[in-house]
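What follows is a short report on a single structure.
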Amino acid sequence: MEVSLMSSIRCSSFSLPPTWKPPVSILARPALLSLRSSSLCPLGPLSSSRDLLPRRHGERRVTVMSMEAGIGVMGTKLGMMTYFEPDGTVVPVTIVGFREGNIVTQVKTAATDGYDAVQVGYRRVRDRKLTKPELGHLEKAGAIPMRHLQEFRLQSLDSFEPGQRLVVEDIFKEGDLVDVSGDSIGKGFQGGIKRHNFRRGLMTHGSKSHRALGSIGAGTTPGRVYKGKKMPGRMGGTKTKIRKLKIVKIDSELRVVMIKGAVPGKPGNLLRVTPAKIVGKNIPKN
């Protein structure tokens, strides 16, 4: 008997005979052997999408999204500069500015949407830049037209309501650690040296291998190139997160925050700033 996790079938809709044994393919996966028993599903709850078997047509993976350590805000990268601390220490900082926005547009609960999250809007735009469904969604919350909408999954939603404005000074303080995520700078199609820090060959003495990748596998066995081989390809332009960056200074008049170090993207890039996740402090150890 073969069990597949179909999107249209619940595990609780069928029962297995007491003499049933899982296929060999399931027993061969160590991740599946660690699944805990459950009263709803005979295969037990799945902790991540990697614990599932290879997908077939019509199947879906079970993905568990992580919770945020706290509510965050969206900002715009303005550039980098040098900041001098009172004792004279030189600190490279990134200036993050905040345009109009960071307004709660929706509060999602497990009863209505299946999970707890707060949707936040950022950067005001003209009405004609948005579609009518987008305008209707924002008008329902009493918010202004905004370009970006992002969700922050939280454990408690007691202090949030639609139309609430998030103030950076109330969420973060100087000295706090934050996680900053955004799209990294796209560098186009690059070779192995720039993309994966490969070393080049000799440039003299008759060498015919300068910046080439070299051998990428044997001929007869395996007779192919393994998946995941480091080769030339598209570099950058992906979502990147820099963790545990320190907030050096918050300027309320200029509406900017100085964060120590570099953050993803070019000036003008959209950034997502959230409280840093620290195991044992704001997220559980397990």
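Everything quoted here is computed from the prediction, not taken from an experiment.
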Subject >> Neighbour count >12 (heavy atoms, 6.0 Å) for atom CD, Gln155 >> reply: no

Original post:
Do Ile242 and Ser181 come close enough that some side-chain heavy atom pair is under 4.5 Å?
Top reply: no

Original post:
Is there a donor-acceptor pair under 3.5 Å between the side chain of Asp179 and the backbone N or O of Lys244?
Top reply: yes

**OP:** Taking all non-hydrogen atoms of both residues into account, name the closest pair between Gly237 and Ser184 and its distance.
**Re:** N-OG, 3.2 Å

Original post:
Can you name the closest pair of heavy atoms from Phe98 and Met74 and give their distance?
Top reply: CD2-O, 3.3 Å

Subject >> Phe189/Arg234 under side-chain contact (heavy atoms from CB on, under 4.5 Å): CA gap, chis, key distance, verdict >> reply: CA-CA 4 Å; Phe189 194 96; Arg234 184 74 63 85; 5.5 Å; no

**OP:** Provide the closest heavy-atom pair for Gly70 versus Pro275 in the form atom of the first, atom of the second, distance.
**Re:** O-CD, 3.6 Å

Original post:
Is atom CZ of Arg243 surrounded by more than 12 heavy atoms (other residues, nucleotides or ligands) closer than 6.0 Å?
Top reply: yes

**OP:** Would you kindly confirm whether Ile171 and Phe160 end up in one hydrophobic cluster when ILVMFWY residues are joined by side chain heavy atoms under 4.5 Å apart?
**Re:** yes

Subject >> Nearest non-hydrogen partners of Ile71 and Leu166, listed with the distance >> reply: CG1-CD1, 4.0 Å

Original post:
Any chance NZ of Lys246 has more than 12 other-residue heavy atoms, nucleotides or ligands included, within less than 6.0 Å?
Top reply: no

Original post:
Yes or no on side-chain contact (heavy atoms from CB on, under 4.5 Å) for Val180 and Ile259, after CA distance, side-chain angles and deciding distance?
Top reply: CA-CA 9 Å; Val180 183; Ile259 301 178; 4.0 Å; yes

Original post:
Are Val256 and Leu245 connected in a single hydrophobic cluster, I mean Ile/Leu/Val/Met/Phe/Trp/Tyr linked by side-chain heavy atoms less than 4.5 Å apart?
Top reply: no

Subject >> Crowding at NZ, Lys108 (>12 non-hydrogen neighbours, <6.0 Å) >> reply: yes

Subject >> Under the side chain to side chain donor-acceptor pair (under 3.5 Å) test, residues paired with Asp170 that sit two or more places apart >> reply: none

Original post:
Got a sec, which residues hit ring pair (Phe, Tyr, Trp, His ring centres under 6.0 Å) with Phe198, two or more places apart in sequence or on another chain?
Top reply: His196

Original post:
Quick one: hydrophobic cluster around Phe84, which other residues, with the 4.5 Å side-chain cut-off, linked directly or via members?
Top reply: Val90

**OP:** Go through the steps for Leu154 and Asp116 under the test side-chain contact (heavy atoms from CB on, under 4.5 Å), then give the verdict.
**Re:** CA-CA 6 Å; Leu154 307 175; Asp116 297 330; over 6 Å; no

Original post:
Should Glu100 and Arg123 count as an ion pair when the cut-off is N to O under 4.0 Å?
Top reply: no

**OP:** Please check if Tyr115 and Phe152 belong to a single hydrophobic cluster, counting links between Ile, Leu, Val, Met, Phe, Trp and Tyr side chain heavy atoms closer than 4.5 Å.
**Re:** no

Original post:
Are Gln150 and Gln119 close enough, and set up right, to give a side-chain contact (heavy atoms from CB on, under 4.5 Å), and what steps lead you there?
Top reply: CA-CA 6 Å; Gln150 290 192 11; Gln119 186 185 85; over 6 Å; no

**OP:** Could you state whether Val273 and Val104 fall into the same hydrophobic cluster, counting links through intermediate Ile, Leu, Val, Met, Phe, Trp or Tyr residues with side-chain heavy atoms under 4.5 angstrom apart?
**Re:** yes

Original post:
Which pair of non-hydrogen atoms, one from Pro232 and one from Gly192, has the smallest distance, and what is that distance?
Top reply: CG-N, 4.0 Å

Subject >> Side-chain donor-acceptor contact under 3.5 Å, Thr76 with Tyr122 >> reply: yes

Original post:
Transitively linked via ILVMFWY side-chain contacts under 4.5 Å: Val248 with Leu254?
Top reply: yes

Subject >> Minimal non-hydrogen separation, Ile193 against Arg200, with atom names >> reply: CD1-CB, 3.7 Å

Subject >> Among Asp127, Leu130, Ile103, the one residue meeting side chain to side chain contact (heavy atoms under 4.5 Å, CB included) with Leu138 >> reply: Leu130

**OP:** Taking only Lys NZ, Arg NE, NH1 and NH2, and the carboxylate oxygens of Asp or Glu, determine whether Arg272 and Glu68 approach each other closer than 4.0 Å.
**Re:** yes

Subject >> Heavy-atom side-chain contact between Leu213 and Met231 under 4.5 Å >> reply: yes

